[in-house]
Each structure stands twice: as C-alpha cells, then as structure tokens.
Protein chains: 2
Amino acid sequence: MKKPSGEKDSDEYRQRRERNNLAVKKSRMRSKQKAVDTQQRVNELKEENERLEAKIKLLSKELSVLKDLFLEHAHNLADNVQPPAGTEGSSPAPNNTSTNGQ
Amino acid sequence: MKKPSGEKDSDEYRQRRERNNLAVKKSRMRSKQKAVDTQQRVNELKEENERLEAKIKLLSKELSVLKDLFLEHAHNLADNVQPPAGTEGSSPAPNNTSTNGQ
DNA sequence: AGTCATTGCGCAATGG
DNA sequence: CCCATTGCGCAATGAC
C-alpha cells in the first residue's frame with residue numbers, strides 16, 4: 001500500500017503542502033479578523049442606536065412642550081377674548097394642566 | 001521504533017480521541033453559530049437604526065411646522081396688536097381668518 | 001486525575 | 001495550475 005518512492009510523495013508535493021498551509025493560515029486569519037470586525041460593528045451600531053433614541057426623546061419632549069403651548073393659547077382665546085358686555089363671568093385663571101404622558 | 005503493543009496506543013487512547021473529536025466538532029459548531037448570530041444582530045441593529053432615523057425625521061418635521069406656526073403668530077402680534085400712539089395706523093380691524101379654503 | 005472545551009496546525013477535497 | 005475555503009482529526013492547553 002505504500003508507494004516505495006512515490007510517484008508524488010516528496011518533491012513538489014511537499015512544496016504544495018507548504019503553500020497550502022500558508023494559504024490556510026492566511027484564510028483563517030482573515031476569517032477571524034472578520035469576526036472581530038463584525039463584533040465591533042455591533043458595538044458601533046448599539047452606540048448609534050442609543051444616540052438616536054436620546055435624540056428622539058429630546059425631540060418628543062420639545063414637541064410636547066410646543067403642543068402644550070398651543071393648547072394653552074387656544075384656551076386663552078376661548079376664555080378671554082369673550083368680554084361680553086353684561087355677563088360677569090369672572091374666570092381669572094383657567095387652570096390648565098394637561099401633560100401628555102407619552 | 002514502533003511500540004508493538006504500545007503503552008498507550010489503541011485502547012483508551014482511541015476512546016479519548018473519539019471523545020475529543022466530538023468535543024471539537026461541537027465547539028466549532030457553536031463558534032460558527034455565534035458568528036451567524038452576531039451577523040444577524042448587525043442586521044437587526046441596522047434596521048432598528050433606520051427606523052429610528054425615520055422617526056427622527058418625522059419628529060423634526062413636526063417640530064419645524066409648529067415652530068413656523070409660532071413665528072407666524074408672533075409676526076401677527078407684532079403687526080396687529082401694536083397700534084403705535086402717534087403714527088397713523090394701518091388696519092383698524094384685525095384681519096382674522098388666515099387660511100381657510102373650506 | 002479525569003473530563004470536556006478551545007485553539008493552532010496540518011491534510012485533503014473542493015471551489016474559483 | 002495556483003490560491004482560497006472548509007471539514008476533519010491530532011495534540012497541547014485551558015478550565016473546572
């Protein structure tokens with residue numbers, strides 16, 4: 001079963017093995033590096049995500065403030081701009097506290 | 001040079017090899033699966049990111065609309081509710097009704 | 001001392 | 001034909 005000297009045993013064979021071994025090492029290095037990169041990508045994306053969520057929170061807050069201002073104004077219009085000559089309403093300050101709970 | 005019976009060649013040795021090979025396979029499967037999971041995590045995070053950015057865009061738009069409304073209102077106030085004492089005014093009757101096409 | 005887990009390495013098959 | 005990628009086994013080492 002053992003080819004005595006080998007049609008293909010110890011000549012260019014060895015050479016090819018060597019080369020392949022190198023290729024294998026290289027390939028595996030790359031593969032590993034890629035895994036590392038991917039993991040890092042995850043971290044970056046996570047951070048980005050947090051940034052975005054913070055921004056959303058901020059914008060939402062701003063929005064709700066502005067909306068509240070609008071509502072307040074509308075109420076003022078409805079309550080104040082009605083000075084009917086003859087009716088003593090006397091509603092000095094319409095208590096208005098409607099906060100949006102998100 | 002060949003230990004005929006081998007102090008440790010074909011007995012529990014084979015058994016141990018077998019076991020180890022199994023363990024190796026298992027470990028590598030896991031490792032590979034983890035890589036896949038990580039990659040998927042990246043995709044999920046990317047999607048999430050896009051969603052968040054869309055939301056930010058929307059909120060920003062809303063905000064700018066509201067802000068514009070405020071500015072407009074402020075201008076109206078400055079122009080109408082300021083009858084400067086001494087200068088012949090312009091519009092005695094506050095022109096109401098901004099945009100109503102019905 | 002014993003077991004499984006993880007890792008670097010080489011071989012061979014296979015895919016470009 | 002050459003390199004790249006992948007499954008597999010071996011052996012050393014790690015961790016418990």
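So that the names make sense, note that chain A is the first sequence line, chain B the second, and so on, each numbered from 1. Just so you know, these numbers come straight off a predicted model, no measurement behind them.
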NZ-CD distance between Lys46(B) and Glu50(B), expressed to the nearest 0.5 angstrom: 8.5 Å
Met29(B) CE to dA5(C) C1', straight-line distance once rounded to whole Å: 15 Å
Short side-chain N/O contact from Lys26(A) to OP1 or OP2 of dA4(D), under 4.0 Å: yes
Whole angstrom value for the distance that separates P of dC10(D) from CD of Gln15(B): 13 Å
Interatomic distance where CD belongs to Glu18(A) and C1' belongs to dC2(D) [whole Å]: 16 Å
Find every protein N or O atom lying less than 3.5 Å from an N or O atom of nucleotides 7-9 of chain D, and list the pairs.
residue: dG7(D); atom: OP2; partner: Lys32(B); partner atom: NZ; Å: 2.3
residue: dG7(D); atom: O6; partner: Arg28(A); partner atom: NH2; Å: 2.9
residue: dC8(D); atom: N4; partner: Arg28(A); partner atom: NH2; Å: 3.3
residue: dG9(D); atom: O6; partner: Arg28(B); partner atom: NH1; Å: 2.9
residue: dG9(D); atom: O6; partner: Arg28(B); partner atom: NH2; Å: 3.4

Asn49(B) side chain to Glu53(B) side chain, donor-acceptor N/O pair below 3.5 angstrom: no
N/O (side chain, Ser27(B)) to phosphate O (OP1/OP2, dT6(C)) under 4.0 Å: yes
Any Arg19(B) side-chain nitrogen or oxygen under 4.0 Å from OP1 or OP2 of dC4(C): yes
Gln15(A)-Asp11(A) side chain donor-acceptor pair, cut-off 3.5 Å: no
side-chain contact (heavy atoms from CB on, under 4.5 Å) between Arg30(B) and Lys26(B), worked out: CA-CA 6 Å; Arg30(B) 277 219 211 108; Lys26(B) 199 159 121 197; 3.9 Å; yes
Between P of dA1(C) and CD of Glu12(B), the distance in whole Å: 13 Å
Side-chain donor or acceptor of Ser31(A) paired with backbone N/O of Ser27(A) under 3.5 Å: no
Residue Tyr13(B), side-chain heavy atoms: nucleotide from dA5(C), dT5(D), dC10(D) that is nearest: dC10(D)
Under 3.5 Å donor-acceptor pair, Asn20(B) side-chain atoms to dT6(C) base atoms: yes
Side-chain donor/acceptor of Ser60(A) to backbone N/O of Ile56(A), under 3.5 Å: yes
Rounded distance (Å) that lies between atom C1' of dT5(D) and atom CG of Leu22(A): 15 Å
